Amino acid sequence: MTDLEDLYREIILDHYRSPRNRGELESPPAHRVEGFNPLCGDEVVVTMLVEDGSVTDIKFAGTGCSISQSSASLMSSAVKGKPLPEVRELIRTFKSMMSIHEASLPAAGDGADGADGWDGDGSDGNGEHGSDGEGLSDVRKLGELAALQGVVKFPVRIKCATLSWNALAQGLDELGAN
Amino acid sequence: MTPDPSLSLDVETLRKDFPLLARTVHGRPLVYLDSASSSLQPRQVLAAMEQYYETCHANVHRGVYTTAEEATARYEGARVSVGRFIGAGDPEREIVFVKNATEALNLVANSWGKANLRPGDAVLLTEMEHHANLVPWLMLAEQNGVELRYLTVGGDGRLDLSDLDRKLDGVKIVGISAMSNVLGTIPPLREIADAAHAAGALVVADGAQAVPHLPVDVQGLGVDFLAFSAHKMLGPTGIGALWARAELLDSMPPFLGGGGMILDVRLDRFVPAEPPHRFEAGTPPIAEAVGFAAAVDYMETLGMPQVRSHEVELTDYAVDALAERLGDDCTLFGPPAAPDRGGVLSLGFRDVHAHDLAQVLDQYGVCVRPGHHCAKPLMRVLGVTATARASIGPYNDEGDIDTLIEGLVEAGRLFS
Ligand SMILES: Cc1ncc(COP(=O)(O)O)c(C=O)c1O
């Protein structure tokens with residue numbers, strides 16, 4: 001069961017059971033973005049308020065699995081109140097964490113998972129992913145978010161974890177917020 | 001229901017024919033409950049394909065040398081086997097080999113549909129159709145201005161047929177699944193086909209789920225077209241079939257153009273070949289046809305009444321066991337039991353998302369499919385975005401259902 005416990009860490013289950021910042025901000029003034037995962041029909045709505053170079057408020061709504069819901073909750077807690085450059089940096093670091101899974105994939109012959117790499121969503125606005133070495137050291141900066149690291153061993157679930165992050169990045173791009 | 005001994009299936013023995021069942025996943029034996037998506041293949045099918053490649057592979061209908069003639073004979077022989085399996089009257093002429101059920105349905109919409117449907121004509125479908133029997137018609141409606149109507153699905157997972165006659169008014173063709181891949185619902189096809197014919201409409205049945213799991217005889221079914229895929233009935237991927245009566249196929253224009261589907265080609269026109277070759281442009285899936293024939297031979301050896309009887313028993317066992325051991329925590333969609341349901345168990349467990357259920361079940365070696373099952377309109381009717389679907393094949397047994405339930409209990413513990 002260790003892979004599964006690695007995926008469903010206590011912090012993830014906690015954010016799934018009691019999501020933070022759930023709901024929708026009034027839009028306008030907030031900016032609203034919808035994200036879809038066509039594979040499973042999950043959808044997330046992220047509403048964000050950007051003022052004076054910071055994400056002053058953010059909420060998420062929608063339906064989805066524990067990974068997409070907890071990732072959205074963790075994302076909202078991590079970026080709320082943060083200045084834009086820090087938010088952009090978090091997005092970059094999080095996405096690079098989601099792309100450094102090859103080394104930790106189970107040996108061929110065990111899971112049926114192929115070595116399905118990060119295949120960037122259309123909305124992936126900041127595509128530079130750090131090299132593996134950088135990525136790993138950056139993960140420490142992620143704090144609670146690092147709990148989602150176990151997802152990379154389950155390639156089909158990466159899209160679940162990045163759904164709300166892509167919506168956030170898309171929203172910031174649309175606002176021209178850098 | 002007391003099982004009829006003449007209808008029994010020796011599951012323990014037949015399981016040995018399926019190499020994938022010997023595999024372990026996460027240290028657990030594989031429990032394959034995703035046959036509605038694609039079935040496993042017995043060695044006999046794999047051996048037939050390998051033997052074909054090793055002894056007589058050549059392109060078909062082209063060479064005069066010995067192996068080319070042998071390959072052609074194997075390919076045309078496969079057509080006859082597949083046709084007989086569903087009771088075709090003239091299998092040499094009435095089975096068109098295609099890539100899969102999806103292509104068969106596209107063929108009907110594009111060939112028959114474009115030749116026969118005019119703006120304002122109506123097509124009657126159902127809310128429980130797979131996207132394969134929806135999107136080709138939606139595409140036609142966009143191009144051609146035909147009107148699409150739908151039979152609705154009730155709370156019990158059955159089609160509402162109360163207004164069938166009214167809905168059939170002005171309809172030229174009815175497209176309907178012979179077994180739902182989400183609910184397992186088996187609609188009363190004969191009754192619907194009779195009503196359709198009385199209203200002057202043809203019927204195209206999507207047999208992707210029915211043909212692998214029920215004894216199907218196209219003469220008794222009363223439909224005009226039947227589409228199905230080999231990979232859901234113990235055969236290989238890459239091949240499926242469309243059945244239609246020879247006169248009907250004769251009246252239809254080609255769908256895809258190319259080699260093999262013509263009698264003559266000039267720079268300004270072409271003369272199409274006779275059916276079924278008229279609809280088989282390009283080099284066909286020859287080894288796959290050989291595998292398809294081996295699959296129907298295998299199923300005939302098991303006996304389709306036996307397969308159905310086994311799957312009914314196992315579905316009853318699963319429905320009872322889920323209710324007994326999980327109670328209200330488990331929601332099961334679709335009609336309650338046979339005779340009008342097949343071994344497709346779409347379930348919800350508390351409010352745990354289908355993806356999470358499938359993930360936990362994978363740790364138990366259990367393969368189920370989470371998602372919308374290519375039936376998004378039906379999911380909207382059911383009011384869910386996804387279900388976890390466990391589906392049964394001839395090789396499943398009660399132990400498989402027990403492991404499924406064990407995994408569901410663990411998912412409940414993890415997410416409570
Ligand atoms: C009812 C039904 N129709 C059509 C299809 C399409 O089959 P294929 O993907 O083999 O074309 C499926 C397969 O999922 C199905 O279940």
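Quick note on labels: first sequence line is chain A, next is B, and so on, each numbered from 1. Just so you know, these numbers come straight off a predicted model, no measurement behind them.
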* Does B:Lys99 NZ have over 12 foreign heavy atoms under 6.0 Å away? -> no
* Any residue of residues 59-77 of chain A which, by heavy atoms, sits under 4.5 Å from chain B -> A:Thr63, A:Gly64, A:Cys65, A:Ser66, A:Ile67
* **Non-hydrogen atoms of A:Arg157 and B:His355 that approach each other most closely** => NH1-O, 3.6 Å
* **Rounded distance (nearest 0.5 Å) linking atom NE2 of B:His353 with atom SG of A:Cys160** => 7.5 Å
* To do: Answer with side chain, backbone, both or neither: which region of B:Leu357 has an atom nearer than 4.5 Å to a non-hydrogen atom of chain A?
  => neither
* **Residues of residues 9-34 of chain A near chain B, each having a heavy atom less than 4.5 Å away** => A:Leu13, A:Tyr16, A:Arg17
* Asked: Is the number of heavy atoms from other residues, nucleotides or ligands within 6.0 Å of CD (B:Glu142) greater than 12?
  -> no
* To do: Would you give the length of the straight line joining atom NE2 of B:His26 to atom CG of A:Leu4, rounded to the nearest 0.5 angstrom?
  => 8.5 Å
